[in-house]
Peer 1: 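So that we are looking at the same thing, I have put the structure below in structure tokens.
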Amino acid sequence: MKKVILSAIALTIGAVSFAQVGNSGTVTQTGNNNAGVVTQTGDENTATITSEGNNFKNNISKYGVWRTAGASGTMMAHGITQEGNKNQGTITQAGYVGVTSGSGSAGIGQDGNENKATITQSEFLVHGWSGSNAAFVDQIGNENESLQNQTGRAGNSYFRQAGNENYAESQQNSQSTAKLEQEGNNNYSLQTQGVGNLQKSDTYQLGDDNRATSDQSGGMSNLSTILQDGNTNIAGVTQFGVTNTGTITQTGDNNEGMITSNGTNHLGGIVQSGAMNEAVITQNQ
């Protein structure tokens, strides 16, 4: 089976290319100045780009700066680029009809087998600030999964996963940044950023079976940083307030660190090296 569908309404650009058999690529665009690109190599890959609104640019490349040595450079993510077998990539974008200066850009790059990536960008309200959402993900390996959901404007979400069976998710509102890098197997990361603006979450995990959560669903201008190098480590940063900073650095195996900040201008830091360490920080007004 080979299925290719292109639908375009009003000043849109869509392109699909493929190799081998059994791939399905769909680009559907409604609005003005949208661009979508799908490139697939392998068997039984599925890619879907759906854009409703104006100025969704899904044909650009993104330069990624990563912590893993040698990983920095231009990301595979370019519209939807998939190499391998049974990968699934989905980009869904919906913008306010009056937006004329930019709505969003997104890219999915997958190299391996049975990877799944989903990006959703939606904005139905007019805000006093400008700026477009940007979401990009590269996944290298097998059975990795990522989910990036952006509601609002001027959000940025950048993911890179290398290995097998890793899971990454970000839930964003307006004017926040989520960055994730996972290198290894069976790692898990969840970044939640709510209605408050200017939240920043940065997570890096190297090893296997690590878990990291960053919850910034309340407040604004909070900074969460999680760095884990080892195996079976657990880290969580929860921030409800304004201008709180939480940093967890763990090197080794089976360590656990938790920071909870409620209020304003709290600074919390955990540094653990070795095995089976546990640290908890709770900060209130």
Side-chain angles (χ1 to χ4, degrees), residues 64-72 112 115-117 137-149 156-172 176-194 199-219 222-241 244-262 266-283:
V65 179
W66 308 107
R67 287 186 170 89
T68 300
S72 296
N115 295 302
K116 182 179 180 180
V137 56
D138 268 4
Q139 299 191 137
I140 303 167
N142 303 313
E143 298 185 67
N144 296 300
E145 183 174 355
S146 69
L147 172 64
Q148 294 160 290
N149 184 30
N156 296 290
S157 178
Y158 305 121
F159 285 2
R160 178 183 182 273
Q161 299 195 113
N164 302 311
E165 299 183 38
N166 296 300
Y167 180 84
E169 178 179 342
S170 69
Q171 299 286 340
Q172 284 186 310
S176 294
T177 299
K179 183 178 180 181
L180 166 72
E181 182 178 5
Q182 297 189 140
E183 185 104 10
N185 303 306
N186 197 35
N187 295 302
Y188 172 92
S189 173
L190 173 62
Q191 297 163 300
T192 304
Q193 298 171 316
Q199 312 275 29
K200 293 184 178 180
S201 176
D202 185 2
T203 298
Y204 170 72
Q205 300 192 120
L206 175 63
D208 300 331
D209 300 304
N210 296 300
R211 300 289 181 268
T213 59
S214 173
D215 185 353
Q216 298 171 318
S217 55
N222 294 301
L223 173 61
S224 167
T225 304
I226 296 173
L227 308 174
Q228 300 195 120
D229 185 349
N231 304 307
T232 323
N233 296 300
I234 299 174
V237 176
T238 302
Q239 297 169 317
F240 300 120
N244 296 301
T245 300
T247 303
I248 298 176
T249 302
Q250 300 187 137
T251 303
D253 301 330
N254 297 294
N255 297 302
E256 183 172 352
M258 298 289 172
I259 297 175
T260 302
S261 301
N262 297 288
H266 293 300
L267 176 63
I270 294 174
V271 179
Q272 299 189 127
S273 178
M276 303 184 68
N277 297 301
E278 182 176 347
V280 176
I281 295 176
T282 301
Q283 300 168 313

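As the structure is a prediction and not an experimental result, all values here were calculated from the model. Numbers for residues simply follow the sequence, beginning at 1.
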Peer 1: At what distance, to the nearest 0.5 angstrom, does OG1 of T192 lie from CG of D215?
Peer 2: 5.0 Å
Peer 1: Hydrogens and angles aside, do Q239 and S261 bring a side-chain donor and acceptor to less than 3.5 Å of each other?
Peer 2: no
Peer 1: Just verifying a value: how many Å separate T232 OG1 and D208 CG, rounded to the nearest 0.5 Å?
Peer 2: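 Rounded to the nearest 0.5 Å, the OG1-CG separation comes to 7.5 Å.
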Peer 1: If the test is side chain to side chain contact (heavy atoms under 4.5 Å, CB included), which one of I226, N244, T238, I270 qualifies with I259?
Peer 2: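 Among the candidates, only I270 passes.
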Peer 1: Roughly how far, to the nearest 0.5 Å, is the CG atom of N187 from the OG1 atom of T203?
Peer 2: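 With rounding to 0.5 Å, OG1 (T203) is 11.0 Å from CG (N187).
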Peer 1: Can you find a pair of side-chain heavy atoms, one from T260 and one from M258, that are under 4.5 Å apart?
Peer 2: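 No, their side chains stay 4.5 Å or more apart.
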Peer 1: Which distance, rounded to the nearest 0.5 Å, do you find between the NE2 of H266 and the OG1 of T245?
Peer 2: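 Here the interatomic distance stands at 11.0 Å.
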Peer 1: Evaluate the side-chain contact (heavy atoms from CB on, under 4.5 Å) criterion for residues E183 and R160: first the C-alpha distance (whole Å), next the side-chain angles of each, then the deciding distance (0.1 Å), finally the verdict.
Peer 2: CA-CA 8 Å; E183 185 104 10; R160 178 183 182 273; 2.7 Å; yes
Peer 1: Hydrogens and angles aside, do D209 and N231 bring a side-chain donor and acceptor to less than 3.5 Å of each other?
Peer 2: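 Distance-only check fails for D209 and N231.
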Peer 1: Counting only heavy atoms not in K116, do more than 12 fall under 6.0 Å of its NZ?
Peer 2: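 Check fails, neighbour count at 12 or below.
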Peer 1: Any side-chain donor paired with an acceptor under 3.5 Å for Q216 and S201?
Peer 2: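 Side chains of Q216 and S201: no pair found under 3.5 Å.
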Peer 1: So do the side chains of Q171 and L147 get within less than 4.5 Å of each other, counting heavy atoms only?
Peer 2: yes
Peer 1: Within the 4.5 Å heavy-atom criterion, are Y167 and R211 side-chain neighbours or not?
Peer 2: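 Sidechains of R211 and Y167: no contact.
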Peer 1: I'd like to know if the side chain of Q250 reaches the main chain of N233, judged simply by a donor and an acceptor atom lying under 3.5 Å from each other, with no hydrogens or angles considered.
Peer 2: no
Peer 1: Backbone N or O of G241 within a donor-acceptor pair of the N222 side chain at under 3.5 Å?
Peer 2: yes
Peer 1: How long is the gap from CG on L227 to OG1 on T251, to the nearest 0.5 Å?
Peer 2: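 Answer rounded to 0.5 Å: 8.5 Å.
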Peer 1: Is it true that a side-chain atom of N164 and a backbone atom of N142 form a donor plus acceptor pair closer than 3.5 Å?
Peer 2: yes
Peer 1: Counting N and O atoms only, with roles assigned by atom type, does the side chain of Q199 sit under 3.5 Å from a partner on the main chain of G219, one being a donor and the other an acceptor?
Peer 2: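 It does hold such a pair.
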Peer 1: Answer whether the closest heavy-atom distance between the side chains of N144 and N115 falls below 4.5 Å.
Peer 2: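 SC-SC contact between N144 and N115 confirmed.
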Peer 1: Is the closest basic N to carboxylate O distance between R67 and D202 below 4.0 Å?
Peer 2: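 The answer is yes: the pair qualifies as a salt bridge.
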Peer 1: Does the Q148 side chain pair with the main chain of S157, one donor and one acceptor, at a distance under 3.5 Å?
Peer 2: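 Yes.
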Peer 1: Is there a side-chain contact between E165 and N185, using heavy atoms and a 4.5 Å cut-off?
Peer 2: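 They are not in side-chain contact.
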Peer 1: Just how far is it from atom CG of L206 to atom CD of E181, taken to the nearest 0.5 Å?
Peer 2: 8.5 Å
